[in-house]
Amino acid sequence: MSDHAPEHPASWPLVALFTAGYVAPYLLPTVVGRLDAYLPLGPAEAGLIGSALLLGSAAAGFVLASRIPRHGPRPLARLGLLLAVLGYGAAAATSLLPLVVAGSVVGGFGSGTATAVAASGIAGRRDPHRASALGLLSVSATAGALYLTLPRLGGGHGLPFAAIALVAALAWPATGRLAGPSGPGGRGAVRARAGRLPYPRAGAVLAGALMLWSLAQNALWGVSGRIGSQQAGLSEVALGMVFAAALGAGLLGVGAASALGARLGRAVPIGVGTALIALCVLAASSARGPVSFAAGEIVWNALYPVVLSYAIGLAAALDPRGRWAVLAGSASSLGVACGPVTGSVLAERAGFPVMGVVLGGLLLAVALPLTAVALHAGGRPLVPGSVRRRGGAPAAVLAAGAGAAAAGRVPRVGAPELTVAEIAVRPLPGRGLPGRAPLRVLLRSPAARYPRLGSGTRARSAAMVSSPSNPAARASRSKSSGSG
């Protein structure tokens with residue numbers, strides 16, 4: 001990490017990157033619709049180009065999941081934005097199908113790179129749910145504004161591509177606030193700290209479920225324009241207004257999710273929200289008029305970012321270094337990529353209402369493993385940079401019930417947080433002992449270090465050190481992490 005780069009960048013550079021990477025999937029209906037309308041393509045072929053764009057985005061996440069800490073977020077973010085500008089710009093500037101396809105894939109890889117860097121940074125923050133909610137708020141506002149603006153700028157297939165390239169170019173200044181590449185010593189430390197992925201089973205289930213969750217919803221999203229025009233009887237301008245209103249409802253949903261925070265945990269918003277989304281998919285796909293179609297789309301888009309923000313927060317909680325966040329996001333992008341083709345095939349062979357039944361059933365089936373992961377593995381492992389809560393109300397109740405109150409071991413309700421740090425220990429001189437593994441230290445957070453006391457005194461600072469070679473310290477660490 002360079003000396004001039006901040007260790008914990010502000011939220012707005014990550015939000016800007018998240019917006020630049022996520023705006024392409026949000027504009028997918030107008031991209032596919034204009035490819036179908038202004039190029040010699042059928043609906044399925046236009047959907048294939050949209051899927052190629054999103055496959056490039058998913059490939060970027062899988063390739064970069066473990067490389068962001070080594071190479072640094074700033075160079076990778078700039079590479080992604082540059083590829084997005086060049087790829088989408090080329091697709092907008094030509095009507096030759098091979099160049100449009102190539103530009104879509106290159107631009108999609110750039111969007112996926114920007115999204116991967118943003119997801120990795122969001123996972124390392126103290127409140128990843130709030131940061132992801134801000135990102136979804138920004139991308140919903142941007143996409144809503146574009147849905148209102150693009151129909152009034154004229155026809156042609158290139159306008160959506162040009163808009164996505166412009167958003168990527170506007171996000172370039174934000175990369176200056178990100179960390180630069182690490183030196184040789186820093187890269188060695190990153191490799192030493194990387195280790196194995198925590199919660200491998202829960203992470204794999206979450207990634208697979210998110211892939212199917214995204215596939216089902218983007219199968220409908222990819223053909224929503226056709227449902228509105230062919231089945232509900234809306235014009236392109238009216239469709240743009242419906243989509244803008246739906247994304248505006250998404251803004252309200254993200255704001256509500258940000259205000260709600262962790263009061264209900266993650267399982268209830270994810271499970272109940274997915275079940276409600278399934279009902280909205282049924283309503284939108286079977287709509288026969290403008291009112292029912294608009295109602296289904298608006299309610300659906302209000303719930304979608306709420307559930308997605310909690311899912312991103314859950315993936316970040318599995319690994320604060322952001323690896324599961326990037327892998328789960330890439331799996332979601334893979335589902336998004338397969339969505340347009342799946343929706344087009346189901347719509348052509350079975351019709352829009354049957355397609356809605358199939359997709360709604362898939363969402364209900366996926367809600368179960370997502371809720372199970374949220375219930376089972378929502379905590380954070382003991383790794384540098386994470387925060388542990390010592391005690392708290394549940395731990396106090398359990399300790400008191402076990403008879404620990406008399407011994408003075410009951411943790412105080414609202415006890416301070418402990419921040420995990422890592423320090424290296426040199427070999428002991430004259431003993432011939434090899435260097436020990438880095439120590440894991442639990443330090444009080446700044447807010448806990450200087451609490452507001454009525455007497456104005458300052459509380460004592462405390463630290464708990466655990467070493468892999470010290471059995472007593474290891475037992476202490478296990479006790480502390482169990483209470484966290």
Mind listing the closest non-hydrogen atom pair of [X] and [Y] along with its distance?
X      : Y      : answer
Leu210 : Ala311 : CD2-CB, 3.9 Å
Leu53  : Ala24  : CD2-CB, 4.1 Å
Leu28  : Gly50  : CD1-CA, 4.0 Å
Ala367 : Gly271 : CB-O, 4.2 Å
Leu81  : Ala20  : CD2-CB, 3.8 Å
Ala131 : Ile122 : CB-CG2, 3.8 Å

Residue pairs passing the side chain to side chain donor-acceptor pair (under 3.5 Å) test where at least one lies in [range], sequence neighbours excluded:
range            : value
residues 275-294 : none
residues 138-166 : Thr19-Ser138
residues 83-112  : Tyr88-Ser111
residues 202-218 : Trp213-Thr274, Ser214-Ser332, Gln217-Trp300

If you look only at pairs with a residue in [range], which of them pass as a ring pair (Phe, Tyr, Trp, His ring centres under 6.0 Å), with sequence neighbours excluded?
range            : answer
residues 98-124  : none
residues 328-360 : none
residues 15-55   : Phe18-Tyr22

Between atom [atom1] of [X] and atom [atom2] of [Y], what is the distance when rounded to the nearest 0.5 Å?
X      : Y      : atom1 : atom2 : answer
Ser224 : Phe293 : OG    : CZ    : 5.5 Å
Leu14  : Leu134 : CG    : CG    : 10.5 Å
Leu279 : Leu303 : CG    : CG    : 9.5 Å
Thr371 : Arg266 : OG1   : CZ    : 13.5 Å
Leu363 : Leu220 : CG    : CG    : 9.5 Å

Please tabulate, for side-chain N and O atoms in residues 159-176, each donor-acceptor pair with protein atoms closer than 3.5 Å (sequence neighbours left out).
from, atom 1, to, atom 2, distance (Å)
Thr175, OG1, Arg78, NE, 2.9
Thr175, OG1, Trp172, O, 2.6

Check: Who are the side chain to side chain donor-acceptor pair (under 3.5 Å) partners of Thr115, not counting sequence neighbours?
Finding: none
Margin query: According to salt bridge (charged side-chain N to carboxylate O under 4.0 Å, His left out), does anything in residues 200-209 pair up with another residue at least two apart or in another chain? List the pairs.
Written below: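 Checked against salt bridge (charged side-chain N to carboxylate O under 4.0 Å, His left out) - neighbours excluded - no pair reaches residues 200-209.
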Checklist line | Inter- and intrachain pairs under salt bridge (charged side-chain N to carboxylate O under 4.0 Å, His left out), touching residues 205-218, at least two apart | finding: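 As it turns out, there is no salt bridge (charged side-chain N to carboxylate O under 4.0 Å, His left out) pair with a partner in residues 205-218 once direct neighbours are skipped.
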Within the structure provided, determine whether [X] and [Y] are in side-chain contact (heavy-atom separation under 4.5 Å).
X      : Y      : result
Ile270 : Val373 : no
Ser344 : Arg226 : yes
Leu370 : Val205 : no
Val281 : Trp221 : no
Thr30  : Leu146 : no
Met355 : Val223 : yes
Leu17  : Leu178 : yes
Leu215 : Leu362 : yes

Next item on the list: Please test Leu346 against Leu359 for side chain to side chain contact (heavy atoms under 4.5 Å, CB included), starting from the C-alpha separation and ending with a verdict.
Entry: CA-CA 10 Å; Leu346 286 175; Leu359 298 179; 4.2 Å; yes
Margin query: What verdict does the side chain to side chain contact (heavy atoms under 4.5 Å, CB included) test give for Val105 and Leu55, after you've listed the backbone C-alpha separation in whole Å, the side-chain angles of each residue and the deciding distance to 0.1 Å?
Written below: CA-CA 7 Å; Val105 174; Leu55 280 175; over 6 Å; no
Side-chain donor or acceptor of [X] paired with backbone N/O of [Y] under 3.5 Å:
X      : Y      : result
Arg34  : Gly156 : yes
Gln231 : Ala287 : yes
Asp36  : Val32  : no
Glu297 : Ala294 : no

Check: Mind checking what makes side-chain contact (heavy atoms from CB on, under 4.5 Å) contact with Ser229, not counting sequence neighbours?
Finding: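 Residues passing side-chain contact (heavy atoms from CB on, under 4.5 Å) with Ser229: Leu239.
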Next item on the list: Evaluate the criterion side chain to side chain contact (heavy atoms under 4.5 Å, CB included) for residue pair Leu282 and Val357; output intermediate values, then yes/no.
Entry: CA-CA 6 Å; Leu282 290 173; Val357 173; 3.9 Å; yes
Next item on the list: Decide yes or no on side chain to side chain contact (heavy atoms under 4.5 Å, CB included) for Leu54 and Leu334, but give the supporting numbers first.
Entry: CA-CA 7 Å; Leu54 297 171; Leu334 185 61; over 6 Å; no
